[in-house]
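Report on the structure given below.
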Amino acid sequence: MLLGELSAFDAAFPRFLMSTGLAALLLLTASAVYVLLTPWKELALVKKGNTSAGVALAGAVGGLAIPIASTLASSVSLPELVLWGAIALLMQLITYRIVDLILRDIPRRISDDEMGAAVLLAAAKLGTGLIFAAGLWDPVLQRI
């Protein structure tokens, strides 16, 4: 029995490493692209102690990680994982833009450490990520 379990592990472990490694790389890449494309510099602000920037960035990373994890759980190929990860990044950028249109001047608000704006932005990003992830998840892998 132990030999059969080891054989199954040997077969599955490389796929596990490849798919989760790709998902982690995708999350890191999407987060970096997000940081580069937003008009304020979250990491620099966080290093200076700006809590709002940290909250906004955490919402973005979470909003990216949720759909990437959902795709990882139900994708049938690595290219599919990359495709949906890229779409998740696009959805987060659109969410940022919509919140910026509603609240006006999110970059200044985040730079000024306005926590209310940061919390709303983070909530919108996490909510978008959750809804997007639910749309992606299909336990039977039967896409529409």
Side-chain angles (χ1 to χ4, degrees), residues 5-144:
E5 290 172 5
L6 283 177
S7 178
F9 176 80
D10 288 345
F13 192 64
R15 283 183 302 199
F16 163 78
L17 286 178
M18 190 176 341
S19 59
T20 56
L22 179 60
L25 181 62
L26 188 57
L27 177 60
L28 182 63
T29 302
S31 298
V33 169
Y34 179 85
V35 166
L36 291 172
L37 292 179
T38 51
W40 68 88
K41 303 300 174 218
E42 287 99 335
L43 293 177
L45 290 171
V46 169
K47 287 178 182 179
K48 291 180 182 177
N50 185 311
T51 306
S52 296
V55 168
L57 183 56
V61 172
L64 289 165
I66 293 166
I68 290 171
S70 177
T71 303
L72 179 61
S74 63
S75 68
V76 293
S77 70
L78 295 180
E80 182 181 9
L81 177 63
V82 171
L83 172 67
W84 289 113
I87 294 171
L89 172 60
L90 179 63
M91 296 298 293
Q92 289 302 310
L93 291 169
I94 290 169
T95 300
Y96 155 75
R97 189 65 191 125
I98 290 169
V99 172
D100 187 46
L101 286 172
I102 293 168
L103 291 183
R104 306 272 188 237
D105 203 14
I106 284 287
R108 182 194 52 77
R109 290 173 179 264
I110 298 298
S111 294
D112 291 348
D113 207 3
E114 288 187 27
M115 187 56 75
V119 169
L120 180 62
L121 181 60
K125 290 175 173 304
L126 292 171
T128 299
L130 285 167
I131 291 169
F132 185 51
L136 288 170
W137 190 76
D138 184 354
V140 190
L141 298 176
Q142 296 176 348
R143 303 277 187 225
I144 296 176

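Quantities reported herein were computed from a predicted structural model and do not represent experimental measurements. Nothing fancy with the numbering, it's 1 onward along the sequence.
A search for salt bridge (charged side-chain N to carboxylate O under 4.0 Å, His left out) contacts involving R108 returns D105, D112, E114, not counting sequence neighbours. A133 pairs by the side chain to side chain contact (heavy atoms under 4.5 Å, CB included) definition with I66, P67, S70, not counting sequence neighbours.
Between Y96 and P107, the closest side-chain pair of non-hydrogen atoms falls below 4.5 Å. Annotation: side chain of I94 is not in contact with side chain of R97 (no heavy-atom distance under 4.5 Å).
For the atom pair L93 CG and L89 CG, the distance stands at 4.5 Å (nearest 0.5 Å). Once rounded to the nearest 0.5 Å, the distance linking OG1 of T71 with CG of L83 reads 9.0 Å. Taking CG from L121 and CG from L126, the interatomic distance works out to 9.5 Å, rounded to the nearest 0.5 Å. Atoms CG and CH2, on L72 and W84 in that order, are 15.5 Å from each other to the nearest 0.5 Å. Rounding to the nearest 0.5 angstrom, the gap separating the CD1 atom in I68 from the CG atom in L26 is 4.0 Å.
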Using distance only, find each side-chain donor-acceptor pair of residues 11-24 under 3.5 Å and give its atom names and separation, not counting sequence neighbours.
{"residue": "S19", "atom": "OG", "partner": "R15", "partner atom": "O", "Å": "2.9"}
{"residue": "S19", "atom": "OG", "partner": "F16", "partner atom": "O", "Å": "3.4"}
{"residue": "T20", "atom": "OG1", "partner": "F16", "partner atom": "O", "Å": "2.6"}

May I have the list of side-chain donor-acceptor pairs in residues 29-38 shorter than 3.5 Å, sequence neighbours left out?
{"residue": "T29", "atom": "OG1", "partner": "L25", "partner atom": "O", "Å": "2.8"}
{"residue": "S31", "atom": "OG", "partner": "L27", "partner atom": "O", "Å": "2.8"}
{"residue": "Y34", "atom": "OH", "partner": "K125", "partner atom": "NZ", "Å": "2.7"}
{"residue": "T38", "atom": "OG1", "partner": "Y34", "partner atom": "O", "Å": "3.2"}
{"residue": "T38", "atom": "OG1", "partner": "V35", "partner atom": "O", "Å": "3.3"}
{"residue": "T38", "atom": "OG1", "partner": "E42", "partner atom": "OE1", "Å": "3.2"}
{"residue": "T38", "atom": "OG1", "partner": "E42", "partner atom": "OE2", "Å": "3.2"}

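Put simply, the side chain of R109 gets close to the backbone of L103: a donor and an acceptor are under 3.5 Å apart.
Of all heavy-atom pairs spanning L45 and A53, the tightest one is CB-CB, 3.5 Å. Of all heavy-atom pairs spanning I110 and A56, the tightest one is CD1-CB, 4.0 Å.
Within the structure, the side-chain hydrogen bond (donor to acceptor under 3.5 Å, both in side chains) test picks out no pair touching residues 55-67 (sequence neighbours left out). Note on residues 46-62: pairs passing side-chain hydrogen bond (donor to acceptor under 3.5 Å, both in side chains), not counting sequence neighbours, are S52-D113.
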